[in-house]
Structures are given as C-alpha cells and as structure tokens.
> 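This is the structure, below, for whatever I ask next.
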2 protein chains.
Amino acid sequence: MQISTKGKYAVRAILNIAHHPKETPVSLAAISKEEGISLLFLEQIFQSLRKGEIVRSLRGAHGGYVLARDPSDITIGEIVRLLEPPLYTSSCFSKHEAVDDCRIADSCLGFVLWKQLAELVDGFLDSITIADMVTQARPEVVYSLRVKSNRMLPEKARKETSPEPLEVV
Amino acid sequence: MQISTKGKYAVRAILNIAHHPKETPVSLAAISKEEGISLLFLEQIFQSLRKGEIVRSLRGAHGGYVLARDPSDITIGEIVRLLEPPLYTSSCFSKHEAVDDCRIADSCLGFVLWKQLAELVDGFLDSITIADMVTQARPEVVYSLRVKSNRMLPEKARKETSPEPLEVV
DNA sequence: AATAAACTTGACTTTTTTAGTCAGGTATCT
DNA sequence: AGATACCTGACTAAAAAAGTCAAGTTTATT
C-alpha cells in the first residue's frame with residue numbers, strides 16, 4: 001500500500017503554485033526546476049489536474065498554470081483521486097473485481113473492512129485543504145493541524161504519537 | 001493507492017482459519033479450495049505469516065496451519081504489514097527515498113501529510129483484531145465496529161457515512 | 001506579422017512491482 | 001513405506017508506474 005509518485009508530485013506542484021501570488025501563472029518549467037520533477041512528467045500530471053478543474057492553464061509567453069479555485073476549496077483528496085486508482089474499488093479479492101460486483105459481498109467481512117479503510121483515508125485527505133497546507137508554514141498552525149488529525153486516530157495510536165515533537169519548521 | 005491481493009488474501013486466509021476450532025490445523029489445500037486462491041500463492045503468503053508468528057505450522061499428514069496466538073492478540077495491521085511495503089516509507093518524493101532520508105524534511109509539508117496518513121491507516125488497522133472480525137458474524141457486533149471506526153473519521157466524512165445501512169448480514 | 005514562450009495531445013518506452021508458478025525438497029502421521 | 005502437507009528459493013509473465021518523445025497549438029510580445 002503506497003501512494004504513487006504521481007499523486008505526491010501533484011500535491012507538491014499544487015502547493016508550489018499556491019505559494020505564488022493568486023493571479024501569477026507559474027510555468028511547468030519553473031516547477032520542474034524547483035521541485036526536481038521531470039518537465040514531461042509534470043505535463044502529463046497537469047493534464048489530469050486541468051481536467052479535474054484544479055488548475056487553469058494560461059497559454060502563450062509568460063503563461064503557465066494558476067489554481068482554478070480558491071485554495072480553501074481544493075482538498076488533497078481531490079488531487080490524489082485524480083491521479084490514483086481509488087482505494088475503495090478493491091474488493092476483498094482481486095483488484096479487477098469492483099466492490100459492487102463482489103460475489104460474496106453480503107457475507108464478506110473483508111468487504112466491510114476495506115471499505116471502511118477507504119472511507120477513513122478519503123475522509124482524512126478530504127479534510128485537508130490547500131489553504132491549510134499553505135498557512136501551515138508557521139509552527140503554531142502545524143500544531144493545530146496535528147491535533148486536529150490526531151483526534152481521528154484510535155486511542156492506541158493516539159497515545160503513541162502525541163508526545164512526539166513537531167517535524168516542521 | 002491500493003491494497004495488494006497478497007494482503008487481502010492473507011486476511012481472508014487467517015479469517016478462514018480463525019473460523020475453525022482452535023487446535024484443528026487447516027491445510028492450505030482446503031483454504032485454496034474454499035477461498036479460490038492458488039495453492040502455490042498461498043504457500044508463499046504463509047511463509048511470511050509463519051515468520052511473522054501469526055500462524056504455526058503442523059507438518060505431515062492431517063497437518064496444516066493454526067493461529068500462533070489468540071485471535072484477540074492478532075491485528076489486521078500486523079498481517080497487512082507482513083505482506084505489503086509500508087505506507088510510511090514513502091516520502092513526498094520518490095518511494096525509494098525513505099522518510100528519514102528526505103532531503104528537505106524540515107521544511108516539507110508533504111512529509112507531515114503522508115506521515116499522518118500512514119499513522120491514521122496503521123492506527124485503524126491495528127485497532128481491529130481477528131477476534132473482532134470473527135464475532136462480527138452477528139449484525140449488532142458489526143454495528144458496534146462501524147460506530148467505533150466511524151468515530152475516527154473527520155466530521156465531514158462522518159456525516160456522509162452515518163445514515164448508510166449495514167452492509168453485512 | 002514574426003517569434004518565442006509555454007501549454008497540448010497521444011502514443012511510446014522503460015522499469016518496477018505484483019501475481020503467480022515451478023521444482024525439488026523435508027517433516028510427520030498412519 | 002507411503003501419503004499428506006509444509007518448505008525454500010528461484011523463476012516467469014503480466015500489469016502498472018514512471019518517465020519520454022514528437023509534433024503540434026495558442027497567445028504575449030516585439
């Protein structure tokens with residue numbers, strides 16, 4: 001269970017754009033250079049982002065991409081879903097068998113388990129907006145994010161993670 | 001982001017064993033037949049499960065596998081981790097770069113994000129034991145599991161999932 | 001109008017991972 | 001002794017992920 005680089009690159013690239021003034025288009029060439037991601041790969045990723053209405057493109061000289069919506073209206077979940085196969089399509093059997101076709105869904109425990117996991121992940125990623133991540137440059141905000149998401153963890157895990165110091169400066 | 005069939009098969013196979021009387025060994029041939037999973041593939045999976053001390057093997061005629069520990073002491077998370085690359089090793093860049101080596105961890109927002117996601121997932125999977133899943137054959141118990149895990153979801157997702165009927169009979 | 005910057009498209013290749021197989025064992029019960 | 005069933009490590013095929021390429025189109029600027 002891994003997040004693909006495509007999804008991770010997409011989030012990084014969007015964050016990069018979000019750190020620029022609202023109406024300034026950012027070229028892929030610039031993102032490629034700053035983030036160390038292949039330009040050609042970025043182009044591919046941005047086709048998905050554009051179709052998903054996360055970004056708008058401005059062609060021509062000094063063109064580039066801007067966010068299509070307010071940062072507070074774009075969630076990490078939305079971005080990730082555009083670039084990765086969804087977790088919730090995996091039934092308890094092969095991944096080619098969609099959840100709804102599961103041959104034993106009615107009596108299948110795995111079904112419920114993986115579905116709940118998918119809901120948990122989507123819920124978490126949908127609860128975090130680009131705006132959250134941008135303001136997060138300051139430590140006190142990072143902390144509040146940490147506490148907020150920590151609230152979602154089961155007791156066992158919560159206990160273990162709480163005493164940890166902040167990782168972000 | 002997908003769970004591999006290996007992980008899903010492992011959980012199913014363990015559940016199958018858990019449904020048999022405590023000391024009766026269950027052969028892979030039987031599991032293969034009942035669950036429709038290739039015998040050779042099961043053998044491979046069970047090597048990992050044995051090394052991870054989830055099951056014990058009993059060789060010879062009428063042999064097979066039994067759980068190495070009490071079902072209430074085996075979590076889904078443990079099983080999944082034995083068979084899949086861990087989510088938390090993926091930094092915000094390539095998956096080959098371990099979290100601890102992340103070149104910009106200090107100032108990296110993705111770092112915090114993916115790490116928290118990994119903690120969430122592990123927390124969820126570690127909160128569910130094989131014993132939970134076995135008793136879950138009865139609806140009222142399913143419901144309690146649902147409520148329990150639902151508690152971990154952020155508000156937005158919680159609202160959406162709550163009214164749904166139970167999927168399991 | 002010409003030019004250059006920058007996006008657009010779809011197909012293509014390479015690499016890695018996943019899924020599954022195989023052969024040739026070893027242990028143990030009856 | 002023979003059958004059952006686990007054990008081991010290497011192997012292969014198929015799919016997915018990651019990355020590349022070529023040949024465009026669009027538009028700001030000069």
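Quick note on labels: first sequence line is chain A, next is B, and so on, each numbered from 1.
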> Looking at B:S57, I'd like to know whether one of its side-chain N or O atoms comes within less than 4.0 Å of OP1 or OP2 on D:dC7.
yes
> Contact class for B:F46 (heavy atom, under 4.0 Å): base, sugar-phosphate, or nothing?
nothing
> Taking CD1 from A:I45 and P from C:dC7, how many angstroms apart are they, rounded to a whole number?
14 Å
> Would you say D:dA17 has OP1 or OP2 under 4.0 Å from some side-chain N or O of A:S4?
no
> Which word best sums up how the rings of B:F41 and B:Y9 line up, parallel for under 30°, tilted for 30 to 60°, or perpendicular for over 60°?
perpendicular
> Rounding to an integer number of Å, can you tell me how far B:R56 CZ sits from D:dA5 P?
18 Å
> I need the minimum non-hydrogen distance between A:F124 and B:L113, along with the two atoms involved.
CE2-O, 4.1 Å
> Whole angstrom is fine here: how far is it from CD in A:Q47 over to C1' in D:dT25?
12 Å
> With nearest nucleotides of DNA chain D determined for A:G7 and B:K51 from heavy-atom distances, which residue corresponds to the more 5′ nucleotide?
B:K51
> Over how many whole Å does the gap from A:L83 atom CG to D:dA18 atom P extend?
11 Å
> Would you say B:I31 ends up clustered with B:L58 if hydrophobic residues are merged whenever their side chains have heavy atoms under 4.5 Å apart, either directly or through other cluster members?
no
> If Ile, Leu, Val, Met, Phe, Trp and Tyr residues are connected whenever their side-chain heavy atoms lie under 4.5 Å apart, and connections chain through other members, are B:L40 and B:L49 in the same group?
no
> When all nucleic acid strands are considered with a 4.0 Å heavy-atom cut-off, which category describes A:V26: base, sugar-phosphate, or nothing?
sugar-phosphate
> Can you see if the side chain of B:Y9 gets near the phosphate of C:dT18 - specifically, an N or O under 4.0 Å from OP1 or OP2?
no
> Classify every nucleotide of nucleotides 21-30 of chain C by which part a protein heavy atom approaches to under 4.0 Å, writing B for the base, S for the sugar-phosphate alone and - for neither, in 5'-to-3' order.
BB---BBBBS
> Is atom CD of A:E34 surrounded by more than 12 heavy atoms (other residues, nucleotides or ligands) closer than 6.0 Å?
yes
> Would you indicate whether B:E43, at its atom CD, is surrounded by more than 12 heavy atoms from other residues, nucleotides or ligands within a distance under 6.0 Å?
yes
> Separation of A:Q2 atom CD from D:dA16 atom P, in whole Å?
17 Å
> Rounded to whole Å, please give me the gap between CG in A:L42 and P in D:dT20.
11 Å
> Would the distance check show the side chain of B:R81 and the main-chain N or O of B:P86 forming a donor-acceptor pair, the cut-off being under 3.5 Å?
no
> What's the CG-P distance between A:L49 and C:dC7, to the nearest Å?
13 Å
> When you check the phosphate oxygens OP1 and OP2 of C:dT8, does a side-chain N or O of A:R50 lie under 4.0 Å from one of them?
yes
